[in-house]
2 protein chains.
Amino acid sequence: MERNTRQRAAIRDALTQAGRPLLPLEVLAAAQAAVPGLGIATVYRALKAMVEDGEARSVTLPGENPRFEPTALSHHHHFQCRRCLRVFDIHACPGDLSRLAPRGFSVEDHELTLYGRCRECALAGASAARAKSGRRR
Amino acid sequence: MERNTRQRAAIRDALTQAGRPLLPLEVLAAAQAAVPGLGIATVYRALKAMVEDGEARSVTLPGENPRFEPTALSHHHHFQCRRCLRVFDIHACPGDLSRLAPRGFSVEDHELTLYGRCRECALAGASAARAKSGRRR
DNA sequence: TTGTATGCAAAGCGTTTGCAGTGAT
DNA sequence: ATCACTGCAAACGCTTTGCATACAA
């Protein structure tokens, strides 16, 4: 039977309060605020258990280690900024994509990641370009 | 300057002839047909160089190690079968997705993965009740 | 009391790197 | 003759696991 420990509560809270997918080390850091002695192995074990229970899922972007997020979130996608590398949740969806698959294939699910610049980095890049070229937008 | 060695030729051939993204170990196995003594470190180094040259790119699916494919392929996406876990190329694209991003965000690119059943596994699943004859590969 | 959960340290695994020898130019 | 490339093995970083202890139930 599964037990309610301070550690698991802290880990669960860290995930739900983040608002973005977290790396195991980020979960550790956040949860250690509530449980100082928390070890990384416990984080991995708890995350694994939560994924198996369908309580959490992992999100893996190319070249990055897996991040974790609560499954409770409604269907959504991700945006990674190529400048600051942060990952954002996107609460929009292209909808049904089954028409893209070859005939005979059945599509059950999809995952979409957008790449580009987040608002902050788009502004930073724009002003950098302005300064460099000596022109204004 | 970059040199043309048997090893790199074999690795490049393995990638271009596969028709699907390959794991480093799969590249090694395929390329060893041409260069028996080939080492895994050489594969990693060659793949890294090819990615930096824009000749190849890596594809990472959740819970899987990175796979590699030639960049020469036109823009496409991937389909992973949840039964046989094989990854297929999809030569279709939902098109412009910039409307999905929050305001202020600029979208430069996107990556899409569909999940479901490939043709074979869809058929196998349908007949699984009467015969346990599901074949992979 | 019973047995799961925890923390620590060691082990695993995929990937990277140092080094001396090899081979393309 | 250079000097990038290669193979081997050691090193690395992230993740998992073995084990003795702590603590929910």
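Given the structure is predicted, the values throughout are model-derived calculations rather than measurements. Heavy atoms only: backbone and side chains are in, while hydrogens, waters and symmetry mates are out.
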Presence of [X] side-chain N/O under 4.0 Å of [N] phosphate oxygens OP1/OP2:
| X | N | result |
| --- | --- | --- |
| A/T5 | C/dA5 | no |
| B/Q7 | C/dG23 | no |
| B/K48 | D/dC5 | no |

I need the [atom1]-[atom2] distance between [X] and [N], as an integer number of Å.
| X | N | atom1 | atom2 | answer |
| --- | --- | --- | --- | --- |
| B/R67 | C/dG14 | CZ | P | 13 Å |
| B/E64 | D/dC14 | CD | P | 20 Å |
| A/E2 | D/dC23 | CD | P | 19 Å |
| A/I40 | C/dC8 | CD1 | P | 12 Å |
| A/E52 | D/dT16 | CD | C1' | 13 Å |
| B/R12 | D/dC5 | CZ | P | 12 Å |
| B/L47 | D/dC5 | CG | P | 14 Å |
| B/Q32 | D/dT6 | CD | C1' | 13 Å |

Handout entry: Heavy-atom donor-acceptor pair, A/T16 side chain to A/R12 backbone, under 3.5 Å
Key =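 Yes: the side chain of A/T16 pairs with the backbone of A/R12.
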Problem - Donor-acceptor contact present, side-chain B/R20 to main-chain B/D89, <3.5 Å - result: no
Problem - Residues B/H77 and A/H110: side-chain donor-acceptor under 3.5 angstrom - result: no
Exercise for the section: Verify whether the ring centers belonging to A/F79 and B/F105 lie closer than 6.0 Å. Expected result: yes
Problem - 5'-most by nearest nucleotide on DNA chain C - B/A41 or B/N4 - result: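 Here B/A41 is the residue nearer the 5' end.
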Using a cut-off of 4.0 Å on non-hydrogen atoms, how would the nucleic acid contact of [X] be classed: base, sugar-phosphate, or nothing?
| X | answer |
| --- | --- |
| A/R8 | sugar-phosphate |
| A/L38 | sugar-phosphate |
| B/L25 | nothing |

Exercise for the section: Inspect the contact between B/E120 and B/R83 and indicate whether a charged nitrogen and a carboxylate oxygen are less than 4.0 angstrom apart. Expected result: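 Looking at B/R83 and B/E120, the cut-off is not met.
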Practice task
Report yes if a donor N or O on one partner sits less than 3.5 Å from an acceptor N or O on the other, where the partners are the side chain of B/R3 and the base of D/dA4; otherwise report no.
Solution key: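 Under the 3.5 Å cut-off, the side chain and the base do form a donor-acceptor pair.
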Practice task
Taking only the side-chain heavy atoms of A/R45 (C-beta and beyond), determine which of D/dC5, C/dG7, C/dT4 contains the nearest atom.
Solution key: C/dG7
